[in-house]
Amino acid sequence: MYSTPLPKFAPANGAACPVWAVGPEGLESLSAEAARWAESTGFKAGAGETCLVPGEGGALGAVLLGLGSEASRDRRRFATGGLPGALPEGTYTLAGAWEAREAEEAALGWLFGSYQFTRYAGSASTKAQLVCPEGVNAAKLEAIVAGEFLTRDLINTPTSDMGPEALEDAFFALAKEQGAKASAIRGDDLLSQNFPMIHAVGRASAEAPRLLDMRWGEDGPALTLVGKGVCFDTGGLNLKPGASMGLMKKDMGGSATVLGLARMIMALGLKLRLRVLVPAVENSVSSNSFRPQDILTSRKGLTVEINNTDAEGRLVLADALTLAGEENPDMIVSFATLTGAARVAVGDDLSPFFTGNEALAGALAEAAAEVADPVWRMPFHAPYEPRIEPGIADLDNAPKGGMAGAITAALFLRRFVPEGADYTHFDIYGWQPNPSPGRPKGGVGMGARALLAALPKVLG
């Protein structure tokens with residue numbers, strides 16, 4: 001299931017090489033020998049800079065990790081993420097005094113830095129292991145990393161090997177691994193069981209559209225996660241230009257994120273009744289593609305005028321959200337790579353979210369800082385509701401005007417959950433465009449760890 005062997009912490013029962021994290025202002029605190037060596041090698045303690053300090057008999061005595069200047073430290077996270085690929089094989093330990101949250105982030109960053117996508121070329125080459133810092137829950141971090149690596153692998157795999165059928169296989173494999181129950185509705189059965197918009201979006205593909213459904217847990221509050229599973233998005237008959245189509249293998253990043261999050265929840269044994277719904281489709285071009293100006297009737301009975309076939313993610317999510325709401329769970333959360341407008345608003349690193357739950361919004365803000373998973377709240381701005389009402393149908397899937405696209409998309413989705421439901425929507429990017437510590441270029445989870453940390457605060 002994973003392209004990289006899942007990293008584990010080293011046992012704390014032997015000698016380990018110390019890693020000292022220092023900024024330029026901390027060089028003077030090093031031992032005289034280490035300070036002299038750092039000076040002779042030109043080590044300035046810049047962010048991510050490393051220096052290997054020799055010990056007795058030519059063995060490695062210590063590692064210096066640069067943190068950069070004090071003023072720049074809030075600009076980065078996972079400072080240790082580059083070490084697994086930079087250090088020789090061996091066992092290492094974090095030296096010096098670390099605050100609890102900093103130690104946890106450093107340990108998590110180390111494990112994240114072990115990720116390599118090796119399905120098609122190469123093999124895993126990181127062999128440096130870290131002893132889990134004292135007071136840090138090793139099992140918890142290992143479970144979180146396993147979920148994140150699942151998300152990354154699913155997004156990184158091209159559609160030739162991650163179409164709707166393969167996504168279903170990964171979905172069922174996760175359910176089997178964690179003792180959950182999974183089912184699927186495929187092809188024309190979507191019509192007979194009233195999921196018309198999932199069917200309409202995916203019917204042009206050689207691989208049948210499907211709705212994947214997973215259940216786990218028998219006690220606690222009911223949480224339903226819904227993830228957009230558009231395995232490739234050509235734009236349909238409103239065909240994307242080539243430059244815009246290049247990254248569309250990641251358009252199932254919402255489903256990859258909820259599967260990674262679900263794995264974390266199940267592996268950690270959270271007291272929840274978890275349901276995961278993934279509409280898995282490919283938005284292709286064929287003689288039976290859905291068309292601009294078509295009007296589709298949703299599972300909820302609302303009609304939708306199609307003004308752009310490239311705004312398809314909200315259509316498949318709408319039917320899945322309707323199903324989710326029919327059980328009235330305590331909370332519904334959707335994740336989707338939904339709008340370019342969200343990227344314009346907050347860029348590629350922040351996860352914008354929409355919610356009417358004030359307690360959750362506050363908990364997410366706190367959790368995001370605690371676990372280094374940045375999020376940003378955006379509004380369900382009710383005065384924009386008329387923009388998604390075209391007149392000829394109940395809803396418009398692609399309002400004209402070019403403004404507030406992320407907000408109008410979120411408002412569109414909210415129409416498909418019961419009025420008053422506790423609903424939160426994440427409009428994520430799911431991709432790391434440039435490598436950074438612990439986050440190599442490629443697929444990446446966004447918002448999942450913040451939500452994982454916030455859930456106990458709001459669901460108990």
Side-chain angles (χ1 to χ4, degrees), residues 72-81 98-113 136-137 140-141 143-145 147-149 151-152 223 225 227 253-254 256-258 260-265 268 270 272 331-339 342-380 406-407 410 422-433 436-439 443-460:
S72 69
R73 252 161 239 177
D74 61 350
R75 298 184 188 177
R76 64 183 184 279
R77 57 191 184 276
F78 301 137
T80 56
W98 292 73
E99 293 183 4
R101 195 172 83 181
E102 291 176 341
E104 181 171 292
E105 181 184 329
L108 185 63
W110 183 294
L111 296 185
F112 278 166
V136 172
N137 188 330
K140 175 185 175 182
L141 293 195
I144 288 172
V145 168
E148 170 67 16
F149 280 20
T151 294
R152 294 182 185 185
L223 169 67
L225 302 176
T257 300
V258 300
L261 174 57
R263 193 200 185 282
M264 297 175 198
I265 289 170
L268 293 172
L270 269 60
L272 294 172
M331 182 179 291
I332 301 172
V333 184
S334 60
F335 283 83
T337 52
L338 202 62
T339 69
R343 309 286 71 74
V344 172
V346 300
D348 54 73
D349 194 38
L350 282 164
S351 302
F353 71 94
F354 301 77
T355 188
N357 184 331
E358 296 299 327
L360 178 61
L364 278 170
E366 292 177 5
E370 291 170 359
V371 302
D373 187 16
V375 301
W376 193 262
R377 188 181 186 184
M378 294 182 71
F380 279 125
I407 297 174
D422 189 345
Y423 172 55
T424 299
H425 165 60
F426 283 82
D427 190 339
I428 63 171
Y429 191 49
W431 190 262
Q432 181 74 17
S436 65
R439 292 157 58 91
V444 68
M446 297 181 69
R449 292 185 297 105
L451 181 59
L452 179 73
L455 284 174
K457 302 177 183 179
V458 291
L459 287 182

Enquirer: Looking at Arg449 and Glu104, is any side-chain nitrogen of the basic one under 4.0 Å from a carboxylate oxygen of the acidic one?
Expert: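 Looking at Arg449 together with Glu104, the answer is no, because their closest N to O distance does not fall below 4.0 Å.
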Enquirer: Got a donor-acceptor contact below 3.5 angstrom from the Thr80 side chain to the Ala106 backbone?
Expert: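 Side chain of Thr80 to backbone of Ala106: a pair is present.
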Enquirer: Salt-bridge test for Glu148 and Arg152: reply yes if a basic N is under 4.0 Å from a carboxylate O, no otherwise.
Expert: yes
Enquirer: Give the minimum heavy-atom separation between Val375 and Leu350, together with the two atoms involved.
Expert: O-CD2, 3.8 Å
Enquirer: Identify, with sequence neighbours excluded, every residue that meets ring pair (Phe, Tyr, Trp, His ring centres under 6.0 Å) alongside Tyr423.
Expert: none
Enquirer: Over all heavy atoms of both residues, which pair between His425 and Ala336 is shortest? Give the atoms and the distance, please.
Expert: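 Heavy-atom minimum between the residues: CE1-CB, 4.2 Å.
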Enquirer: CG/Leu261 to CG/Leu225 distance, rounded to the nearest 0.5 angstrom?
Expert: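 So the CG of Leu261 and the CG of Leu225 are separated by 5.0 Å.
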Enquirer: Verify the neighbour count for atom CH2 of Trp376: are there more than 12 heavy atoms of other residues, nucleotides or ligands below 6.0 Å?
Expert: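 At most 12 heavy atoms, drawn from other residues, nucleotides or ligands, come within 6.0 Å of this atom.
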Enquirer: So which heavy atom on Arg377 is nearest to which on Gly356, and how close?
Expert: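 That would be NH2-CA, 4.3 Å.
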Enquirer: Return yes if some donor-acceptor pair links the side-chain N/O of Thr151 with the main-chain N/O of Val444 below 3.5 Å, else return no.
Expert: no
Enquirer: Write down the atom of Met331, the atom of Val458, and the distance for their closest heavy-atom approach.
Expert: CE-CG2, 4.0 Å
Enquirer: Evaluate Ile265 against Leu455 for side chain to side chain contact (heavy atoms under 4.5 Å, CB included), listing each step before the verdict.
Expert: CA-CA 10 Å; Ile265 289 170; Leu455 284 174; 4.2 Å; yes
Enquirer: Kindly say whether Leu338 contributes a backbone atom to a donor-acceptor pair with the side chain of Asp427 at under 3.5 angstrom?
Expert: yes
Enquirer: Given side chain to side chain contact (heavy atoms under 4.5 Å, CB included), test Leu364 with Phe426 step by step and report yes or no.
Expert: CA-CA 12 Å; Leu364 278 170; Phe426 283 82; 4.0 Å; yes
Enquirer: Any idea which heavy atoms bring Phe78 and Glu105 closest together, and the distance?
Expert: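 In this case the closest contact between Phe78 and Glu105 is N-OE2, 2.9 Å.
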Enquirer: Under the side chain to side chain contact (heavy atoms under 4.5 Å, CB included) rule, what do Phe353 and Met378 come out as? Steps first, then yes or no, please.
Expert: CA-CA 6 Å; Phe353 71 94; Met378 294 182 71; over 6 Å; no
Enquirer: Look only at the side chain of Ser351 and the backbone of Ile428, and say whether a donor-acceptor pair between them is shorter than 3.5 Å.
Expert: no
Enquirer: Of all heavy-atom pairs between Met264 and Ala143, which one has the smallest distance, and what is that distance?
Expert: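 Met264 and Ala143 have their closest heavy atoms at CG-O, 3.9 Å.
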